[in-house]
Amino acid sequence: MGTFKNLGISSGAQTHNPPPFTNFTVYPNRDAINPPKYYPLRPPAIPLAVRSPYTSAWSSTSESKTLNSQMPIFWFGQELGWEGIVVVDGNSFEYMGPVIDDFPELPYFNTTIPLEVRYDSQYSNFTFLAGPVIITASFFSPVTPKDICRTSIPLSYLTTTVQSNDGKPHHVQFYSDVTSNWMELLKDSDVIKEFHTGPLNGNGTGNVTDVPTSWILRSQKPSTFIEQSQIAQWGNFSFTTSSFGSENFTYQSGSSTSVRFGFVNNRQLNNDVGSGVRGFGDQVPVYAFAHDMGTVLETSVRYTIGSIQSPAIRYLHKGGLSDLAPWWEKCYGEMHDMIRFHWNDFDTVAALGHEFETKLRADFYPDSAYGFLEPGNGTGIAVPFVSEAESYYGIVALSARQVMGAYVLAVPPSDPDNPDSSADNVEPLMFQKEISSNGNINTVDVLYPASPFFLYANPTLLKYVMQPLLELQEGDFYPNTYSTHDIGASFPLATGHVEGSDEYMPVENSGNFILMAYAYYKFTGDSTWLKNHYDLLAQFAQYLIQYSLVPAAQLSTDDFAGELANQTNLAIKGIVGLQAMSAVARVAGKDDDAAKFADRATTFYDQWEGLAIDPSGKHTVLAYQWRSSWGLLYNVFFDKLLNMGLVNPKVYEMQSAWYAQVSQIFGVPLDNRHHYTKSDWEIWTAATCSPTTRRLFINALAYWLNETNTDLPFTDLYEVVGLGEYPLAIPHFSARPVAGGHFALLALGKTGQLSTATGGDTTGSLFAKNSTDALPQPDVPTIPPSKSGPRKDTLHSKNHIYT
């Protein structure tokens with residue numbers, strides 16, 4: 001046993017006497033309880049702890065499910081064990097999980113009544129009525145894109161608060177536990193448990209320090225860089241709290257039934273860490289904390305939770321194959337230092353999250369420069385009497401954590417050609433998991449739709465994700481002359497495709513790469529970076545000259561729809577990419593190249609109009625040879641965003657009018673072949689339309705979020721008819737980082753363009769038409785600090801219990 005003096009508890013069984021039971025009325029069956037009210041929308045799943053591809057917990061709302069009627073789920077859909085109970089005057093009330101269903105009927109164990117669920121870009125707050133008190137479970141996964149160190153932390157917060165609802169003080173106790181399901185380990189014999197108490201100090205952010213106490217779980221037989229049901233099979237899982245001013249703080253591990261039933265009956269735990277030789281049969285083990293706060297009017301406890309991997313990524317580079325450390329190690333030291341920093345950092349990171357949230361709201365509300373439409377001043381609207389601003393806020397607030405939860409920041413390997421590569425001024429590499437579709441790493445055609453989030457929130461992050469792609473291709477690890485699809489078939493193995501057999505999307509990804517590179521420059525002014533990679537970008541542009549105007553049968557980013565020749569939308573991506581490349585050449589001082597690329601872009605565009613516009617003159621076709629076909633022409637977005645002036649304004653106006661004619665109840669289909677759509681491309685397309693058509697897209701997507709019967713985190717692929725379900729015969733998409741595309745309007749607003757303009761009108765743009773000037777006040781990239789707040793560089797003494 002370790003020492004527990006600093007926690008104010010003893011190492012033996014507690015003698016604290018719990019209060020007597022009182023007689024509250026047992027609540028009715030939860031089926032008879034009305035579902036809570038949701039603000040601003042009722043999405044299919046609410047984010048709980050979403051910080052990385054492996055720290056990704058959600059609460060489904062499908063079929064009127066609530067936080068207290070089911071276990072939280074992983075993004076893949078399987079249950080994660082995370083239980084929450086509050087005891088009031090001796091009566092237990094369950095606010096998270098369905099454990100009450102596993103118990104015999106007990107007069108002192110009740111479910112809670114869900115009242116409301118509110119979310120923003122940082123928090124998801126669930127409010128319940130529990131006898132004479134109100135319980136609020138506040139889940140906080142910070143989105144702080146300009147703080148690289150804090151962004152790299154894979155941990156999330158839960159603060160549970162109890163407030164008296166009758167003006168009288170009540171005796172309050174808290175209970176929460178987790179299971180090894182978070183690691184896809186189902187038996188106690190599979191788990192190594194560490195019960196850890198940290199030092200008193202070690203915080204330097206200015207917050208009030210506290211003593212964190214953690215359950216640390218890891219596999220008996222870890223498999224580095226291997227996943228089971230999408231969950232990492234290496235690393236550690238951390239569940240942390242502190243005494244938090246309680247009168248009695250207890251803990252216990254054991255079988256789920258014995259620990260939970262024991263707490264409900266005794267209202268405390270027995271401080272038994274558990275034995276490595278004692279199994280629990282087929283029962284899932286739990287790891288629990290309990291707090292007795294005494295008699296109070298209001299009180300709260302806090303927990304942190306998350307899956308921690310070190311090393312984080314296996315990476316092929318010119319120095320060989322390296323296992324990369326997570327960036328937080330450079331910032332905070334070893335795992336326990338990071339957990340302790342995160343625990344004591346709550347006030348500071350909450351303030352940073354508030355800054356992001358405040359700016360998010362200010363950037364598009366009706367009294368802002370963007371001027372979203374109100375219910376009474378639009379036509380052709382699928383969902384009447386709904387504020388467009390509120391709808392859009394509900395979409396992007398839900399998307400923010402989902403985007404950032406798909407990425408991992410890592411320390412780059414040492415560079416044999418640069419002896420200073422391990423110095424404090426080194427920049428991180430950023431790795432993206434293509435969650436739920438195929439698990440590729442740094443997929444170009446997934447980063448492309450996600451890019452508006454980074455352009456809006458911190459364009460330097462876009463550079464960090466593109467850097468591994470550049471190193472792979474500039475390091476002679478990729479044989480093709482077009483852009484690679486990704487840097488590894490299976491996250492977290494960034495081992496490239498040295499044989500060149502990655503998914504074949506040559507025009508798609510070559511155009512994507514050029515457009516993102518140029519957009520990064522326009523939003524940051526970082527011409528040095530653009531010049532450094534000019535040769536590779538010019539190589540991609542040469543491929544587009546040969547193959548973009550009339551693209552052969554191949555996949556686009558919407559690969560689930562299959563190959564198609566002469567894709568209109570794919571061709572315009574390549575052509576706009578050539579226009580961007582002409583500007584890149586001007587920035588690099590390559591005037592001859594600039595003239596060549598510009599000439600090809602304009603010549604190709606003129607030909608494209610003749611091939612792409614349907615004989616009716618009402619819309620572009622899906623493929624040149626297919627009259628009366630149509631699709632979302634989302635690839636003109638970068639022409640408008642960067643004010644390149646290539647696409648005829650009449651094309652924007654024609655398309656804007658057409659979308660309103662083919663819209664369904666939940667939005668506009670991706671194309672005429674199916675009834676499904678993509679939410680990211682809908683918002684990209686909305687940004688190219690007139691205000692009334694834009695409002696149609698926004699409100700239809702918000703309406704879908706409220707009404708869909710899908711049951712996993714925000715999918716970007718769904719039916720626009722019926723119940724808004726997942727498309728048949730296509731694997732369910734969920735929690736994908738392409739939700740960053742929902743920020744397309746905010747990225748557009750950052751350039752100063754007026755929301756009242758028609759699609760092709762770029763009035764107000766801070767970019768002169770087809771100029772190479774960056775934003776007047778760009779997001780200048782800076783070397784990220786090696787730490788966010790001072791930390792001790794020496795290891796502190798710790799108390800461990802290993803079993």
So do [Y] and [X] actually touch side chain to side chain, heavy atoms under 4.5 Å?
| X | Y | value |
| --- | --- | --- |
| E719 | F666 | no |
| R586 | N770 | yes |
| L745 | Y392 | yes |
| Y634 | T688 | no |
| Q473 | P468 | no |
| P615 | R627 | yes |
| V621 | W626 | no |
| K522 | M644 | no |

If we ignore angles and hydrogens, is there a donor and acceptor under 3.5 Å between the side chains of [X] and [Y]?
| X | Y | value |
| --- | --- | --- |
| S60 | D711 | no |
| E653 | S656 | no |
| S679 | D716 | no |
| N480 | Y478 | yes |
| K618 | Q661 | no |
| T715 | S734 | no |
| D486 | T443 | no |
| N709 | E725 | no |
| N512 | E508 | yes |
| Q546 | Q542 | no |

Calculate, to the nearest 0.5 Å, the distance between atoms [atom1] and [atom2] belonging to [X] and [Y] respectively.
| X | Y | atom1 | atom2 | value |
| --- | --- | --- | --- | --- |
| L754 | L748 | CG | CG | 10.0 Å |
| D526 | T460 | CG | OG1 | 7.5 Å |
| I435 | N440 | CD1 | CG | 12.5 Å |
| T685 | R694 | OG1 | CZ | 13.5 Å |
| W608 | D606 | CH2 | CG | 11.5 Å |
| L549 | Y605 | CG | OH | 12.5 Å |

Set of ring pair (Phe, Tyr, Trp, His ring centres under 6.0 Å) partners for [X], sequence neighbours left out:
| X | answer |
| --- | --- |
| W58 | none |
| H674 | Y676 |
| Y726 | H732 |

[Y] backbone acceptor or donor facing [X] side chain under 3.5 Å:
| X | Y | value |
| --- | --- | --- |
| D680 | P449 | no |
| N442 | Q432 | yes |
| T602 | D599 | yes |
| D614 | T620 | no |
| S451 | Y448 | yes |
| T710 | L712 | no |
| Q539 | T481 | yes |
| E474 | D535 | no |

According to the interplanar angle, ranging from 0 to 90°, do the rings of [X] and [Y] count as parallel (below 30°), tilted (30 to 60°) or perpendicular (above 60°)?
| X | Y | result |
| --- | --- | --- |
| Y718 | W704 | parallel |
| H317 | Y315 | parallel |
| W681 | W684 | perpendicular |

Review point. Between K433 and E227, is the closest basic N to carboxylate O distance under 4.0 Å?
Key: yes
Check your understanding: When you check the gap from the basic side-chain N to the acidic O, do R42 and E707 get nearer than 4.0 Å?
Key -> no
Review point. Step by step, would you call T708 with L705 a side-chain contact (heavy atoms from CB on, under 4.5 Å)?
Key: CA-CA 6 Å; T708 177; L705 282 169; 5.7 Å; no
Review point. Yes or no on side-chain contact (heavy atoms from CB on, under 4.5 Å) for L447 and F454, after CA distance, side-chain angles and deciding distance?
Key: CA-CA 10 Å; L447 180 58; F454 299 116; 4.0 Å; yes
Review point. Yes or no on salt bridge (charged side-chain N to carboxylate O under 4.0 Å, His left out) for K650 and E609, after CA distance, side-chain angles and deciding distance?
Key: CA-CA 11 Å; K650 291 183 179 179; E609 272 203 10; over 6 Å; no
Can you name the nearest heavy-atom pair linking [X] to [Y], along with the distance?
| X | Y | result |
| --- | --- | --- |
| I514 | L537 | CD1-O, 3.8 Å |
| K678 | V738 | NZ-CG2, 4.4 Å |
| G631 | Q655 | O-NE2, 3.9 Å |
| T524 | P459 | CG2-CB, 3.5 Å |
| P737 | A450 | O-CB, 3.3 Å |
| R695 | E388 | CA-OE2, 3.6 Å |

Practice item. Could you walk me through whether F714 and H742 pass ring pair (Phe, Tyr, Trp, His ring centres under 6.0 Å), step by step? Key: CA-CA 12 Å; F714 199 161; H742 302 151; 4.9 Å; yes
Point to revise | Face-on cation placement of R736 at F733 ring, 6.0 Å and 45° thresholds | key: yes
Check your understanding: Within 45° of the axis and under 6.0 Å from the centre of the six-membered ring of F523, does NZ or CZ of K750 qualify?
Key -> no
Check your understanding: So, do Y504 and Y482 have ring centers that fall under 6.0 Å from each other?
Key -> yes
**Study point:** F491 ring center within less than 6.0 Å of F431 ring center
**Key:** no
Exercise for review: Determine, step by step, whether L701 and I683 satisfy the side-chain contact (heavy atoms from CB on, under 4.5 Å) criterion, reporting the C-alpha distance in whole Å, the side-chain angles of both residues, the deciding distance to 0.1 Å, and the verdict.
Suggested key: CA-CA 9 Å; L701 178 53; I683 305 301; 3.8 Å; yes
Exercise for review: Please assess Q78 against I231 for the test side-chain contact (heavy atoms from CB on, under 4.5 Å), listing each intermediate value before the final yes or no.
Suggested key: CA-CA 10 Å; Q78 68 268 46; I231 291 176; 3.4 Å; yes
Check your understanding: Between Y520 and W529, is a ring pair (Phe, Tyr, Trp, His ring centres under 6.0 Å) present by the stated rule, with each step listed?
Key -> CA-CA 9 Å; Y520 165 74; W529 181 87; 4.8 Å; yes
